Amino acid sequence: MNIITPIRSLEELEMLISNGADELYCGLKTREWDEIFSESLWMNRRSPNQANITSLKDLETLISAAHENAVKVSITLNAPFYPKNGMAYLLTLCGRLADMGVDALIVSDLNLLVELSRLNLALRIHLSSLGACFNSFSVPLYKSLGVKRVILPRQLTLPEIKAIVTKHRDDMEFEVFAVNDGCYFEESFCQTSHTLGAFCLTDWSITPLGTDSPGTGDETVYPDLKKRLAHFKTYLWYQNNCGSSFQQDGLPNGPCSLCQFGDFRDWGVTAVKLVGREASFHRKMGSLQLVKAVRDKALQTQNRDRIIDYARQLRQTPEYCDSGYMCYFRKH
Amino acid sequence: MKGSNMEIARHWVGGGIDNESVQPWESLKAFFSESDFYRQDIKDIVSQPDRIYIGDEFCPKRLPDVKGLKNQLKAADQKGLPVTLLTPVLTDGGIKACGKLFETFHQWDHAAEVVVNDLGVLLYLKQTFPGFNLSMGRIFNKGFKDPRLDKKNITSAAAATCFNDYSFQHANMRGLVKNLGIQRFEQDLFPHADLDPDALAMNGSGFDVSVYFPFGYVTTGRACITAGMNGRAGAKFNFSAGCHAPCTTHRFKLNHPGHGPDLLQNGNTIFYPYTASMLGHLLKSAETHGVRLVWQGGLA
């Protein structure tokens, strides 16, 4: 089970490789894209300046160093939709990335997938979690479009992941989320833009529309609406990396699937993913150390309970783990 | 007044039988000016539907059970109206659980219309019930919908052009789904797009088009704030847990100064209301360009 880790600058490269990253993924900010859209449109789901490699020269250096260490490099082109007037540049860029030795593109837009399947570039296509593979029935279609790996969405349960992976593990690779950055809405179906800030974290004023009696006030719909909404805020806090906090030992808090690595190993999951390209150097390092420790434990022992105990021990926050909101993937 | 070329469908939201006979027009006032509705005769138009939509695009828990489906089909039959079944994203377990529902719908009409919002569901239905007429649901139609966006802040002409662009406009998407047997695209009116009836109707594409109104969807997911208002702490927002569908009675308005229009939260999904000019444009397009309109006033 590989560990795939985000990177946003060359400064992180040595740290990530020395701490055990098997694969790296990054986004790009390019002058040509910005010239077309005047920075009004992001090329991928994360902020151009805070989460992306900003020079193709740096990318070449990154690829070279990564390959010297047998580490593969993927590029995220994971916007849910690319407009027509950006498509020609994107395809040119993809060709250039293939020539530079990029190992894979992470893609979700069906239009782009179709285009790439025609180009047959010398790199692999990985379906982003935004591609919304929620069942095993869709896998053959993605395969027919040249997809070699499916990154499964966060909003699946463990049995649902098992159903997909075990049915197709012989003809498709699968990657699952390991730590960081929950998502309240399913990002595959969210048509908001991160350029305006996270929609789900906006402090909306929520008022009831009433039940049978239109215009009914809070008191008859939900007498304790504020209390009920407070639970929602708590849930969002967990999704948002427990308020972007850290444990006392410096390891990061946030949603994860560490306890489930034994299952992932047994089902044939190819890679576990650290989320957060824009995260700080320290969050990335801590996240990687955490994931590597549990992944290595999962490779050493067949006993799943020991893996779970080890993960919880590393987490040092049993109250968070027991909250019911820390796991990406619930048991049922 | 409903035009002779206009095709109107009504979604029986929430699994009932013509629940819009008790249509909460009052709740719609939270989002629309009453004069807009009456001026455009919407109330009159939607009272004469040509088709019924049942099921749900956003939540499997809002699909009818077999008994409920039969009741809905019987009611539609009594009105002499054809029925379209909306389906949401489904997991393997969800597809299996819907087997009898699909079978019952298939028995009712081997060539009935089904809207799919998931590629796996599409492939499953194509293989299992090849007679169904499949439509591509609006969840597939990605574009720029964020209601918080103020177009005045977009100065790049290229970026502004993107507001008129969405997945179903692309030749690749059309070619892909045509090969999968899709005949119709279901979509929303995009909030920042120019009002172009030819583009909306996809003239010359060979596809039929449906447009939902008076709301478009912004975002959705399996975690549900409405269901999450119930249940014990820690067990909330568990999308595979049972649900007693509080969304059928509890809807919410979302507001934030400077973040665009008031929004509707219905169950796990957030919707934006169409403006008066969007509604006017839509009604005109339905009459002149043969776009089917799907009324979802019952969402509010």
Side-chain angles (χ1 to χ4, degrees), chain A residues 36-38 40-41 80-81 83-85 109-111 114-115 132-138 140-141 155-157 159-160 163-164 183-186 189-193 196 199 202-212 214-215 221-222 225 228-229 231-232 234-235 322-325 330 332, chain B residues 24 26-27 30 89-95 118-121 123-124 139 142-146 148-149 154-156 158-159 161-162 165-167 169-170 172-173 175-176 217-223 225 228-229 233-240 249-256 259 265 300:
Chain A
I36 299 172
F37 296 111
S38 303
S40 298
L41 190 70
F81 168 71
K84 288 176 188 167
N85 54 356
D109 182 356
L110 272 175
N111 288 307
V114 173
E115 287 284 4
C133 177
F134 274 86
N135 55 62
S136 63
F137 294 90
S138 60
L141 180 65
Q155 292 196 345
L156 287 169
T157 64
E160 290 162 356
I164 298 169
C183 188
Y184 170 65
F185 296 107
E186 173 47 57
F189 314 134
C190 187
Q191 304 222 20
T192 68
S193 171
L196 301 169
F199 184 90
T202 300
D203 190 21
W204 297 102
S205 167
I206 301 177
T207 52
L209 284 171
T211 54
D212 296 329
V221 178
Y222 274 130
L225 180 66
R228 290 172 190 266
L229 288 174
H231 284 287
F232 174 58
T234 301
Y235 180 71
D322 293 337
S323 71
Y325 300 147
R330 301 197 193 193
H332 46 73
Chain B
E26 293 296 317
S27 287
V89 173
L90 293 172
T91 61
D92 286 79
I95 290 173
D118 179 291
L119 287 175
V121 174
L123 295 182
Y124 166 80
I139 286 180
K142 321 275 188 186
F144 299 94
K145 276 181 158 182
D146 197 319
R148 299 172 300 169
L149 183 75
I154 304 298
T155 52
S156 154
T161 302
C162 298
D165 197 1
Y166 42 83
S167 304
Q169 296 279 2
H170 286 226
N172 287 330
M173 172 69 93
L176 177 71
Y217 105 89
V218 185
T219 184
T220 187
R222 296 181 81 190
I225 185 174
M229 290 195 183
K236 298 169 183 287
F237 312 108
N238 182 347
F239 36 79
S240 60
T249 50
H250 292 71
R251 287 87 187 261
F252 300 91
K253 185 168 77 172
L254 274 57
N255 169 272
H256 191 287
H259 277 53
Q265 169 105 40

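Hydrogens, waters and symmetry mates are skipped; everything else that's a heavy atom, side chains included, is used. Owing to the predicted nature of the structure, the values given are computational and were not obtained by experimental measurement. Lettering follows sequence order; numbering is per chain, from 1.
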* Determine the interplanar angle of the A:Tyr235 and B:Phe237 rings, folded into 0 to 90°, and report it as parallel if under 30°, tilted if 30 to 60°, perpendicular if over 60°. => parallel
* **B:His170 and A:Phe81 aromatic centres sub-6.0 Å** => yes
* Applying salt bridge (charged side-chain N to carboxylate O under 4.0 Å, His left out), name anything that partners B:Arg148, two or more places apart in sequence or on another chain. => B:Asp146
* To do: Please tell me if the side chains of B:Val218 and A:Thr192 come closer than 4.5 Å, counting only heavy atoms from C-beta onward.
  => yes
* **Nearest atoms (heavy-atom pairs only) where A:Phe185 meets B:Thr220** => CB-O, 3.5 Å
* Could you check A:Ile206 against B:Ile225 for side-chain contact (heavy atoms from CB on, under 4.5 Å), going step by step and ending with a plain yes or no? => CA-CA 11 Å; A:Ile206 301 177; B:Ile225 185 174; 4.0 Å; yes
* Could you list the residues that satisfy ring-ring contact (aromatic ring centres under 6.0 Å, His included) with A:His231, not counting sequence neighbours? => none
* Taking atom CG of B:Leu90 and atom OG of A:Ser138, what is their separation to the nearest 0.5 Å? -> 11.5 Å
* How long is the gap from CG on A:Asn135 to CD1 on B:Ile95, to the nearest 0.5 Å? -> 4.0 Å
* Asked: Looking at A:Asp322, A:Leu196, A:Asn85, A:Leu41, which one has more heavy-atom pairs under 4.5 Å with chain B than the rest?
  -> A:Leu196
* To do: Let me know if A:Leu156 has heavy atoms under 4.5 Å from chain B in its side chain, its backbone, both or neither.
  => both
* Asked: For the atom pair CD1 (A:Ile164) and CG (B:Asp92), what is the distance rounded to the nearest 0.5 Å?
  -> 5.5 Å
* **Partner chain A: residue of B:Arg222, B:Gln169, B:Met173 with the largest heavy-atom pair count (under 4.5 Å)** => B:Arg222
* Structure fact -> Interatomic distance, CG@B:Asn255 vs CH2@A:Trp204, rounded to 0.5 Å, equals 8.0 Å
* Structure fact -> Distance col, row B:Lys145:NZ vs A:Ser193:OG, nearest 0.5 angstrom, shows 14.0 Å
* Who wins among A:Thr202, A:Ile36, A:Asp109 for the most heavy-atom pairs under 4.5 Å with chain B? -> A:Thr202
* Could you grab the distance from atom CE of B:Met229 to atom CZ of A:Phe232, nearest 0.5 Å is fine? => 8.5 Å
* Identify the heavy atoms of B:Ala30 and A:Leu209 that sit nearest to each other, and give their distance. => CB-CD2, 3.6 Å
* Are the side chain of A:Glu160 and the backbone of B:Thr91 linked by a donor-acceptor contact shorter than 3.5 Å? -> no
* Asked: Contact part of A:Ser323 toward chain B, heavy-atom cut-off under 4.5 Å: side chain, backbone, both or neither?
  -> backbone
* Asked: Can you name the closest pair of heavy atoms from A:Arg330 and B:Asn238 and give their distance?
  -> NH1-CB, 3.2 Å
